[in-house]
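The next block holds one structure in the form of structure tokens; read it before the comments.
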Amino acid sequence: MCGRFTLTVDAEQLALAFGLVEIPNGWQPRYNIAPTQPVLGVREVENRKGEWMRWGLIPSWAKDSTIGNRLINARAETLAVRPTFRSAFASRRCLVLADGFYEWQSTGGKSPSQPFLFRLKDGAPFAFAGLWDVWRASTGETVLSCTLITCPANPLVGEIHERMPVILDREECWEWLEAHTLSHLMNFLRPYPPEKMEVIPVSRAVNDPTLDAPICIQPV
DNA sequence: CCAGACGTTGTT
DNA sequence: GTCTGG
DNA sequence: CCAGACGTTGTT
DNA sequence: GTCTGG
């Protein structure tokens, strides 16, 4: 799955890499992005505008927002049939920008889990395939939120964990937003080529979801 | 029909 | 053990 | 994902 | 909103 990730590049690099015309206010490099926090998403090919989204999908029908704390991932295999994701898959897809993600290797329950950082070998930023929705609170406040799609792990990630997030590289990511047929969309939902990725065991500092600092990506 | 759920992960 | 919050 | 909380009452 | 279970 994917329960933590990074976006460490600076705003100019990011805008250049994806051809973004706008990066929202408050952007800063992130070393430990955790569920419920704001992530940088893009919803439309036409304007290529980065937007803040809360990580953890809150469907429009939700009575309260706490369901979003659990819907941080959506399984690629069942997206098209689950009532919670079906309409978002058809019409509310997004990119979530990143340049790395963490997976934990279970240590059998005793000591804290060992985290591993996965990145592209060239260090380039990439996009996760995501879904978004807008939820309206009884107060009238609206929340734009998103979830990350997961698929079976490739052999590299599989050493650590059974599943991984769907990664779209910069060349293909816009097609994810534009595609219309189900079969075309499903083509994107496969494990990323392991030969383009690297894995680095990192400090357990990243285990603390409130710690967001370069030590999180420090090799050990 | 209405009422109630709607999700993933890991672990056992 | 299980749920919530980040 | 991991870390940390997990409860009620009355009183200030 | 949409699906499932009774």
Side-chain angles (χ1 to χ4, degrees), chain A residues 1-7 26 28 30-40 52-92 96 98-119 128-138 142-153 157-167 189 191 199-213 215-218 220:
Chain A
M1 76 174 303
C2 183
R4 256 14 125 68
F5 64 94
T6 65
L7 185 55
Q28 58 178 342
R30 296 293 310 275
Y31 302 90
N32 190 5
I33 301 172
T36 72
Q37 295 177 352
V39 299
L40 194 55
W52 293 124
M53 301 180 177
R54 183 190 198 271
W55 183 13
L57 191 78
I58 308 170
S60 59
W61 46 258
K63 288 186 183 64
D64 69 279
S65 64
T66 59
I67 190 175
N69 297 343
R70 298 184 295 284
L71 301 185
I72 64 172
N73 292 141
R75 291 176 67 90
E77 297 90 329
T78 52
L79 272 184
V81 294
R82 289 271 187 267
T84 300
F85 299 129
R86 189 177 176 178
S87 66
F89 180 46
S91 58
R92 293 187 304 279
V96 176
D99 65 358
F101 65 94
Y102 299 100
E103 295 289 355
W104 278 259
Q105 190 167 45
S106 174
T107 51
K110 266 228 148 181
S111 50
S113 299
Q114 170 62 48
F116 292 82
L117 172 63
F118 290 88
R119 298 191 300 200
F128 292 127
L131 306 175
W132 61 270
D133 208 342
V134 173
W135 177 77
R136 184 179 290 274
S138 55
T142 59
V143 180
L144 174 60
S145 65
C146 64
T147 190
L148 304 182
I149 299 171
T150 65
C151 63
V157 179
E159 294 290 321
I160 306 303
H161 196 78
E162 287 181 357
R163 299 188 64 80
M164 67 183 289
V166 171
I167 293 172
L189 306 183
V199 56
I200 304 159
V202 291
S203 165
R204 283 186 169 84
V206 72
N207 286 17
D208 179 350
T210 66
L211 195 154
D212 183 23
I215 192 176
C216 293
I217 62 171
Q218 190 71 42
V220 290

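Below, chain A is the first sequence line, B the second, and so on; all start at residue 1.
- Counting to the nearest Å, the P atom of D/dA3 and the CD1 atom of A/Ile72 are 14 Å from each other.
- B/dA5 and D/dC6 are spaced 25 Å apart, taking the C1' atom of each and rounding to whole Å.
- Counting non-hydrogen atoms under 4.0 angstrom, A/Leu57 reaches nothing in the nucleic acid.
- Of the C1' atoms belonging to D/dT11 and B/dA3, the separation is 42 Å, rounded to the nearest Å.
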remark   = Under a 4.0 Å heavy-atom criterion, the protein footprint on nucleotides 1-6 of chain E, written with B, S and -, is B-S---

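- Rounded to whole angstrom, the span from the CH2 atom of A/Trp135 across to the C1' atom of B/dC6 amounts to 16 Å.
- Nucleic acid contact class of A/Thr78 (heavy atoms, under 4.0 Å, all strands): sugar-phosphate only.
- With both ends at atom C1', the span from D/dT9 to C/dT2 equals 25 Å, rounded to whole Å.
- The number of heavy atoms from other shown groups lying within 6.0 Å of CD (A/Glu77) is above 12.
- With P as the reference atom, D/dT8 and C/dG5 are 15 Å apart, rounded to whole Å.
- In A/Ile215, the CD1 atom is not crowded: 12 or fewer heavy atoms of neighbouring residues, nucleotides or ligands sit closer than 6.0 Å.
- Under a 3.5 Å cut-off, the side chain of A/Thr147 and the backbone N or O of A/Ile72 do form a donor-acceptor pair.
- The separation between A/Phe89 atom CZ and B/dT8 atom P is 13 Å, rounded to whole Å.
- The base-pairing partner of C/dG1, taking Watson-Crick or G-U wobble contacts with both distances under 3.5 Å, is D/dC6.
- For A/Trp55 and A/Phe128, the distance between ring centers is not under 6.0 angstrom.
- At the phosphate of D/dC1, neither OP1 nor OP2 sits under 4.0 Å from any side-chain N or O atom of A/Ser113.
- A/Thr150 comes within 4.0 angstrom of the backbone, heavy atoms only, and of no base.
- As rounded to whole Å, 14 Å separates atom P of D/dC1 from atom CD of A/Gln105.
- The pair A/Arg30-A/Asp212 counts as a salt bridge, with a side-chain nitrogen and a carboxylate oxygen less than 4.0 angstrom apart.
- To the nearest 0.5 Å, atoms CZ (A/Arg75) and CZ (A/Arg163) are separated by 4.0 Å.
- The number of heavy-atom neighbours closer than 6.0 Å to CZ of A/Arg86, taken from other residues, nucleotides and ligands shown, is 12 or below.
- At whole-Å resolution of the value, CZ in A/Phe101 and P in D/dC2 are 14 Å apart.
- At the heavy-atom level, A/Phe85 lies under 4.0 Å from the strands shown only through sugar-phosphate atoms.
- Base contact: A/Arg4 has a heavy atom under 4.0 Å from a base atom.
- If you measure from atom CG of A/Leu131 to atom C1' of B/dT8, you get 14 Å, rounded to the nearest angstrom.
- The one candidate from A/Tyr31, A/Phe101, A/Phe118 that meets the side chain to side chain contact (heavy atoms under 4.5 Å, CB included) condition with A/Phe5 is A/Phe101.
- If you measure from atom CH2 of A/Trp55 to atom P of D/dC1, you get 10 Å, rounded to the nearest angstrom.
- Look at A/Arg163 and you'll find a side-chain N or O under 4.0 angstrom from OP1 or OP2 of B/dT9.
- As rounded to whole Å, 17 Å separates atom P of D/dG4 from atom CG of A/Asn69.
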